[in-house]
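Scroll down for the structure; my scribbles are underneath it.
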Amino acid sequence: MIRILIVENTNLVRGGLVALLDGQPDMSVGAALESADKAVPTALEMDADVALIGAGLAGGDGLAVAGELHDELPSCGILIMAGRRRPGDLRRAVAAGVMGYLLIDAPPEDLAHAVRRVAQGERVIDAELAFAALQTADSPLTERELDVLRLAAQGASSAEIANHLFLSVRTVRNHMSRIIGKIGARNRVDAIRIADDAGWL
């Protein structure tokens with residue numbers, strides 16, 4: 001039997017996943033959690049074969065939880081379920097040790113098949129997302145510019161970024177102007193969106 005951990009914060013989706021997978025003759029859902037905080041200890045306790053994790057979890061980023069779970073229980077295959085198709089998310093997922101990445105609206109039979117493949121150590125990636133990721137350009141930004149943009153994405157002001165990176169406020173503003181120019185953004189918020197979508201952050 002494939003022992004499955006489900007971590008998904010939407011009740012209806014979580015319930016549907018339990019019904020679908022627990023009904024498979026070769027699968028058993030050992031736990032279905034609403035939030036990320038108990039995901040790793042639960043997976044360790046039940047010695048999960050596959051963890052099905054929602055990308056947008058309440059109480060923790062699904063990809064961050066995936067990375068932690070991969071470190072703590074490498075034998076557990078991780079399958080991310082996402083509500084959107086963004087190349088940057090796939091890059092982050094692969095970096096976190098994820099074996100599978102599917103959209104939440106995938107046909108039920110595709111999901112069950114994906115769980116079986118991940119349990120066998122195979123990779124399962126949404127085909128359209130994989131092609132989009134291949135077409136995404138590498139980051140034109142320097143490491144320092146990425147540092148500035150990451151802090152901006154967390155809501156830090158120019159003064160806070162300057163303080164954190166030991167720069168002057170003027171230097172931070174210059175970095176931000178160069179970032180906006182390099183990636184063709186309209187403004188700071190647009191620059192963060194473009195970089196996040198591309199997986200540079």
Side-chain angles (χ1 to χ4, degrees), residues 7-9 35-37 39-40 43 51 53-74 76-104 123-201:
V7 189
E8 166 57 49
N9 62 339
S35 62
D37 53 352
V40 174
I53 302 176
L57 288 177
D61 175 16
L63 296 179
V65 173
E68 186 181 349
L69 180 55
H70 177 68
D71 291 342
E72 295 291 329
L73 189 62
C76 179
I78 302 168
L79 181 59
I80 292 289
M81 299 170 300
R84 57 189 179 177
R85 187 178 274 122
R86 297 196 323 168
D89 291 342
L90 177 57
R91 289 183 182 210
R92 287 180 59 214
V94 171
V98 167
M99 295 297 293
Y101 196 102
L102 291 180
L103 294 182
I104 198 71
R123 287 198 183 274
V124 183
I125 305 292
D126 175 80
E128 287 186 38
L129 184 60
F131 278 108
L134 288 172
Q135 293 170 339
T136 302
D138 291 333
S139 171
L141 305 178
T142 66
E143 279 304 313
R144 179 57 87 191
E145 288 166 348
L146 286 170
D147 289 340
V148 168
L149 200 56
R150 285 186 190 106
L151 289 169
Q154 294 169 16
S157 66
S158 293
E160 289 168 334
I161 295 170
N163 184 51
H164 187 82
L165 298 178
F166 305 103
L167 301 171
S168 70
V169 172
R170 181 176 179 175
T171 300
V172 169
R173 288 180 179 149
N174 287 340
H175 278 309
M176 192 59 70
S177 293
R178 278 196 297 274
I179 290 166
I180 290 169
K182 279 184 178 182
I183 63 178
R186 294 187 304 276
N187 51 40
R188 175 178 174 141
V189 172
D190 193 38
I192 292 167
R193 180 193 59 76
I194 290 169
D196 188 41
D197 283 351
W200 301 335
L201 300 182

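One is the number of the first residue; the rest follow in order along the sequence.
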- Message: Let me confirm one number: the CD-NE2 distance from Gln154 to His164, rounded to the nearest 0.5 Å.
- Response: 7.5 Å
- What's the shortest heavy-atom distance between Val169 and Ser158, and which atoms? CG1-CB, 4.1 Å
- Return the minimal non-hydrogen interatomic distance between Ile161 and Ala152, and the atom names on each side. CD1-N, 3.8 Å
- So, for Ala66 and Val98, which heavy atoms are closest and what is the spacing to 0.1 Å? CB-CG2, 3.8 Å
- Query: Going by heavy atoms in the side chains, are Ile78 and His70 under 4.5 Å from each other?
  - Reply: yes
- Approximate separation, where rounding is to 0.5 Å, of Asn163 CG and Ser168 OG: 12.0 Å
- Atom CD1 in Ile192, atom CD1 in Ile180: separation rounded to 0.5 Å? 9.0 Å
- Hey, mind stepping through Asp190 and Arg193 against side chain to side chain contact (heavy atoms under 4.5 Å, CB included) and telling me if it holds? CA-CA 5 Å; Asp190 193 38; Arg193 180 193 59 76; 2.7 Å; yes
- Item | Heavy-atom closest contact (Leu141 atom, Glu145 atom, distance) | CA-OE1, 3.4 Å
- Kindly indicate whether the side chain of Met176, heavy atoms from C-beta on, has any atom under 4.5 Å from the side chain of Leu149. yes
- Message: Please report the interatomic distance CD1(Ile80) to CG(Leu63), rounded to the nearest 0.5 Å.
- Response: 5.0 Å
- Message: With a 4.5 Å cut-off on side-chain heavy atoms, are His175 and Leu167 touching?
- Response: yes
- Message: Between Thr142 and Lys182, is there a side-chain heavy-atom distance shorter than 4.5 Å?
- Response: yes
- Note on the structure: Closest heavy-atom pair, Cys76 versus Leu69, reported as atoms and distance to 0.1 Å, is SG-CD2, 4.2 Å
- Message: Are the side chains of Val172 and Leu165 in contact, using a 4.5 Å heavy-atom criterion?
- Response: no
- How close do Tyr101 and Leu79 get, heavy atom to heavy atom, and via which atoms? N-CD1, 3.7 Å
- Find the distance between CG (Leu146) and CD1 (Ile179) and round it off to the nearest 0.5 Å. 7.5 Å
- Item | N-O pairing of Asp147 and Arg150 below 4.0 Å | yes
- Can you tell me how far CG of Leu73 sits from CD of Glu68, rounded to the nearest 0.5 angstrom? 11.5 Å
